[in-house]
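For reference, the structure is listed below as structure tokens.
Proteins get letters first, then strands, A, B, ... in listed order; numbering begins at 1 in each.
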Protein chains: 4
Amino acid sequence: MLPIESPRQRRKEARPAELLAAALEMFVEKGFAATRLDDVAKRAGVSKGTLYLYFDSKDALFKAVIQEGIVPVLQQGAGMVERHTGSSADLLRDLIAAWWQLIGNTHLGGVPKLMISEAGNFPEIATYYYENVILRGRDLMRRTLQRGIDQGEFRALNIEQAIDVIFAPVLMMAIWRHSLGACGCGQHDPESYFATHLDMMLCGIAHPSATVQPDGMHS
Amino acid sequence: MLPIESPRQRRKEARPAELLAAALEMFVEKGFAATRLDDVAKRAGVSKGTLYLYFDSKDALFKAVIQEGIVPVLQQGAGMVERHTGSSADLLRDLIAAWWQLIGNTHLGGVPKLMISEAGNFPEIATYYYENVILRGRDLMRRTLQRGIDQGEFRALNIEQAIDVIFAPVLMMAIWRHSLGACGCGQHDPESYFATHLDMMLCGIAHPSATVQPDGMHS
Amino acid sequence: MLPIESPRQRRKEARPAELLAAALEMFVEKGFAATRLDDVAKRAGVSKGTLYLYFDSKDALFKAVIQEGIVPVLQQGAGMVERHTGSSADLLRDLIAAWWQLIGNTHLGGVPKLMISEAGNFPEIATYYYENVILRGRDLMRRTLQRGIDQGEFRALNIEQAIDVIFAPVLMMAIWRHSLGACGCGQHDPESYFATHLDMMLCGIAHPSATVQPDGMHS
Amino acid sequence: MLPIESPRQRRKEARPAELLAAALEMFVEKGFAATRLDDVAKRAGVSKGTLYLYFDSKDALFKAVIQEGIVPVLQQGAGMVERHTGSSADLLRDLIAAWWQLIGNTHLGGVPKLMISEAGNFPEIATYYYENVILRGRDLMRRTLQRGIDQGEFRALNIEQAIDVIFAPVLMMAIWRHSLGACGCGQHDPESYFATHLDMMLCGIAHPSATVQPDGMHS
DNA sequence: CATGAATGAGTGTTCATTCAT
DNA sequence: AATGAATGAACACTCATTCAT
């Protein structure tokens with residue numbers, strides 16, 4: 001998918017994480033177009049020219065923000081599903097809790113909102129993001145749901161649809177926090193929000209013969 | 001004797017709506033900052049100067065897009081809850097189906113994405129939107145859920161959280177369509193998607209003693 | 001100098017004086033470039049399009065303002081010098097008083113300021129103004145001074161320089177009123193100002209043997 | 001050890017003065033509104049964007065032009081009156097000669113015309129100019145005239161009016177040069193013009209018993 | 001004659017990008 | 001490597017001018 005290695009690639013790895021962090025924050029807060037590189041530089045504590053030592057252009061900075069923002073967590077979670085031994089309901093709980101702790105509740109939590117906002121202006125990045133992040137995440141969910149169905153824990157489901165239905169409330173929490181939630185519009189407590197979500201959802205997908213044991217997030 | 005409307009007159013009265021429609025499309029597609037007024041004008045088939053005959057500034061145009069985009073549907077749905085006589089599950093189905101038909105599946109479906117993207121740059125509009133749209137929508141959901149609980153149809157729920165959990169998948173469908181979905185990334189069929197959502201969700205909130213009758217969207 | 005007669009010319013004579021008056025006021029107040037035709041039209045109580053029924057362009061309006069503003073008073077004063085029988089000092093007093101009453105103190109008093117401000121942008125109008133207004137005015141002054149010298153009332157003077165020296169304070173009063181004076185900066189009383197000017201000036205140009213009889217403006 | 005100034009550094013410090021000089025010329029020539037920042041930049045030999053490194057807006061540039069244009073000469077002349085030991089007539093001659101050499105005959109000579117033209121559009125600048133320039137100038141004149149009266153050199157005068165009467169011809173010379181005079185309309189020689197003015201004026205204000213010694217400008 | 005909706009060239013201002021230091 | 005002064009293309013906004021009514 002990505003070029004394996006190149007001088008540019010090597011330099012990219014040396015790019016100060018501060019620049020990317022500053023850019024992510026600004027992009028999430030103002031959007032790509034409304035973010036001025038001056039502000040990114042100021043927030044990172046460097047001069048505007050320094051940005052160009054590490055990134056060829058504003059577009060390149062955006063791409064790096066998206067790619068660097070997800071690479072570190074791409075592999076996480078896959079092992080989670082493999083290694084899991086308990087109930088599938090617990091696995092589902094763990095997946096969601098992990099996503100929230102590793103992404104949603106970190107500074108990476110703004111990436112989904114950013115990607116949604118800028119997909120139209122960066123279709124190739126959107127495609128990259130879809131294939132490398134979303135599809136992989138859906139795969140984890142798919143295997144988890146299939147596992148639960150196979151083991152008689154979950155009832156028969158339209159899995160492809162269920163994946164999105166289940167993940168939507170989690171995504172929305174992250175999106176909300178970086179949009180209207182940041183404007184002082186009503187805030188929810190993630191803990192109880194996810195608890196309610198899992199409670200309803202696990203109830204809704206449980207096999208009729210199975211006994212659902214309600215449980216909040218064990219974070 | 002009705003005053004004869006000249007073509008020019010007719011045009012003048014229709015202009016604002018045409019301009020707002022064009023602006024909404026562009027704003028949703030490119031974001032506020034990346035949208036050029038020249039493009040909005042061109043899409044509406046007028047010159048740039050004409051925009052300024054009807055809107056004082058780009059900001060004012062944005063505000064009008066949001067406000068005009070929701071005013072027409074503000075009252076809708078309230079009567080729906082009042083008049084409903086059947087089961088609360090059906091009411092929930094109807095509400096979601098109505099939202100999708102009146103908003104999500106129309107050109108207004110991009111407003112949520114737009115509002116999410118630009119909330120940071122227009123906090124006062126975000127607040128306006130929250131108070132006049134989101135809170136009213138949540139109110140409809142709240143009354144519906146409360147009705148179901150009171151009538152023993154739904155089990156006890158943390159209503160405030162449930163509202164968002166239930167609406168998130170619907171919102172996400174509209175958002176997706178105007179972001180990554182528009183870039184060719186995987187498309188879902190809204191019909192079956194909502195059917196799955198309702199199936200799982202109604203199952204998840206049904207009172208243990210109640211019998212849930214699965215039902216797709218009756219559109 | 002000007003085209004004698006033409007359809008355009010005939011129409012010009014029918015031009016509403018209100019338009020020219022409104023334009024003069026705006027031009028004097030804001031300058032040519034900063035004056036919007038919308039404002040001129042509004043002040044004249046007509047629509048913007050109507051201006052174009054009478055004037056081909058903003059430039060044409062400006063030219064008309066200058067030309068129409070001075071034509072009515074071009075002939076005045078010439079007869080004054082011819083007919084005068086008293087002392088040359090009195091004639092000088094009368095000329096200045098007449099200029100102030102007919103021009104300086106009317107709405108035409110802004111023309112000098114306007115011409116000064118816009119000479120650089122309308123050199124041909126400036127030349128026209130110079131030749132048809134300023135030179136004629138200087139001629140009146142020259143004849144008056146020459147008359148006084150010839151009659152032994154005034155001492156020998158560098159007449160060409162004296163003309164401007166004598167008229168400068170009068171002009172400045174009109175200019176001041178339409179510039180800083182209109183901003184609330186210190187105002188002078190024209191009566192006593194001119195009295196002082198005439199007193200000093202007549203004293204300054206009187207022939208040593210002559211007796212100067214101080215006299216204010218007899219308005 | 002003086003820090004070595006790089007050409008770039010030297011340029012940076014000289015920039016504002018270069019820009020202001022270019023702006024003053026353009027403003028005087030065309031007026032504020034008709035002056036394009038592109039032209040100011042071109043005349044200063046920089047790009048349009050560079051202007052904005054030093055001035056926030058066109059308005060700010062105008063304000064700076066006025067303020068910087070007069071600050072350097074604000075103190076001059078005050079000492080002149082204090083130190084003067086000769087006749088008051090000579091002091092008056094010196095004041096006028098100094099004004100002409102330091103302001104009227106330099107590139108600052110356009111400021112009065114500019115201020116007159118734009119007072120209506122910049123009332124606060126006009127007030128600033130009036131209080132900080134005009135009032136101080138009038139003060140010098142007032143003290144000079146009072147000095148002459150007290151010493152019996154000048155006759156009783158309405159001093160406040162006399163100040164303006166005396167300065168008007170000097171001002172008009174500067175104004176003329178930057179308006180109609182620049183269009184090829186009749187030019188006067190400042191030397192003989194001021195000589196005539198001083199001759200007439202000193203004669204006009206001399207105490208009857210005093211002997212006026214005519215004298216040209218000793219520049 | 002009169003209107004005012006519509007136009008589009010022009011200008012103030014911003015900001016990504018470059019490069020001399 | 002790092003800076004920040006300088007650039008100029010791009011865009012929001014204005015307003016003289018036109019023309020259908």
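- Regarding F62(B), its CZ atom lies at a distance of 17 Å from the C1' atom of dA12(F), rounded to whole Å.
- The shortest non-hydrogen separation linking E29(C) to K113(C) is O-NZ, 4.3 Å.
- In this structure, N121(A) and A34(B) approach most closely via the heavy-atom pair ND2-CB, 4.1 Å.
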Given the rule that a pair is Watson-Crick or G-U wobble with both distances under 3.5 Å, how would you write DNA chain F in dot-bracket, using | for pairs to a different strand?
.||||||||||||||||||||
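- With the nearest nucleotide of DNA chain E identified for both A33(D) and L51(B), L51(B) has the one nearer the 5' end.
- When all heavy atoms of A119(B) and L180(A) are compared, the pair lying nearest together is CB-N, 3.9 Å.
- To the nearest angstrom, P of dC11(F) lies 14 Å from NZ of K48(D).
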Pair V46(D), L53(D) - check side-chain contact (heavy atoms from CB on, under 4.5 Å), show working.
CA-CA 11 Å; V46(D) 301; L53(D) 293 177; over 6 Å; no
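- Of the options H107(A), H178(A), R43(A), a side chain to side chain donor-acceptor pair (under 3.5 Å) to E25(A) is made by R43(A) and by none of the others.
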Residue pair L51(C), L19(C): steps toward the side-chain contact (heavy atoms from CB on, under 4.5 Å) verdict
CA-CA 7 Å; L51(C) 277 176; L19(C) 300 184; 4.1 Å; yes
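- Considering every non-hydrogen atom in both L20(A) and E68(A), the closest pair reads CD1-CG, 3.4 Å.
- Rounded to a whole angstrom, the distance from the P atom of dC1(E) to that of dT21(F) is 23 Å.
- As rounded to whole Å, 10 Å separates atom P of dT17(F) from atom CG of L61(C).
- Where F32(C) and G49(A) meet DNA chain F, the nucleotide closest to each residue was compared, and G49(A) sits on the side nearer the 5' end.
- Listed in residue order, the members of residues 36-45 of chain A having a heavy atom less than 4.0 Å from DNA chain E are R36(A), L37(A).
- Distances from the side chain of Y52(B) to the nucleotides dT14(F), dT7(E), dA6(F) place dT14(F) closest.
- Comparing dC13(F), dA6(E), dA5(F) by their nearest atom to the side chain of Y54(D) picks out dA5(F).
- When the nearest nucleotides of DNA chain F are assigned to A34(C) and T35(B) by heavy-atom distance, the more 5′-ward of the two goes with T35(B).
- In this structure, M26(B) places its CE atom 11 Å from P of dC11(F), rounding to the nearest Å.
- Ring planes of F32(D) and F27(D): tilted class, angle from 30 to 60°.
- Nearest heavy-atom pair, I116(B) versus S179(A), reported as atom, atom and distance to 0.1 Å: O-CB, 3.3 Å.
- OP1 or OP2 of dT3(F) has at least one side-chain nitrogen or oxygen of T50(A) nearer than 4.0 Å.
- For D56(B), the CG atom sits in a loose shell: 12 or fewer heavy atoms of surrounding residues, nucleotides or ligands are nearer than 6.0 Å.
- Along DNA chain E, the nucleotide closest to D59(A) and the one closest to S47(C) are compared, and the more 5′ of them pairs with S47(C).
- For the pair K58(D) NZ and dC13(F) P, the interatomic distance rounds to 18 Å; values are reported in whole Å.
- Summarising the geometry, the separation between CG on L53(C) and C1' on dC19(F) is reported as 11 Å, rounded to the nearest angstrom.
- Straight-line distance from the NZ atom of K30(D) to the P atom of dG12(E): 12 Å, rounded to whole Å.
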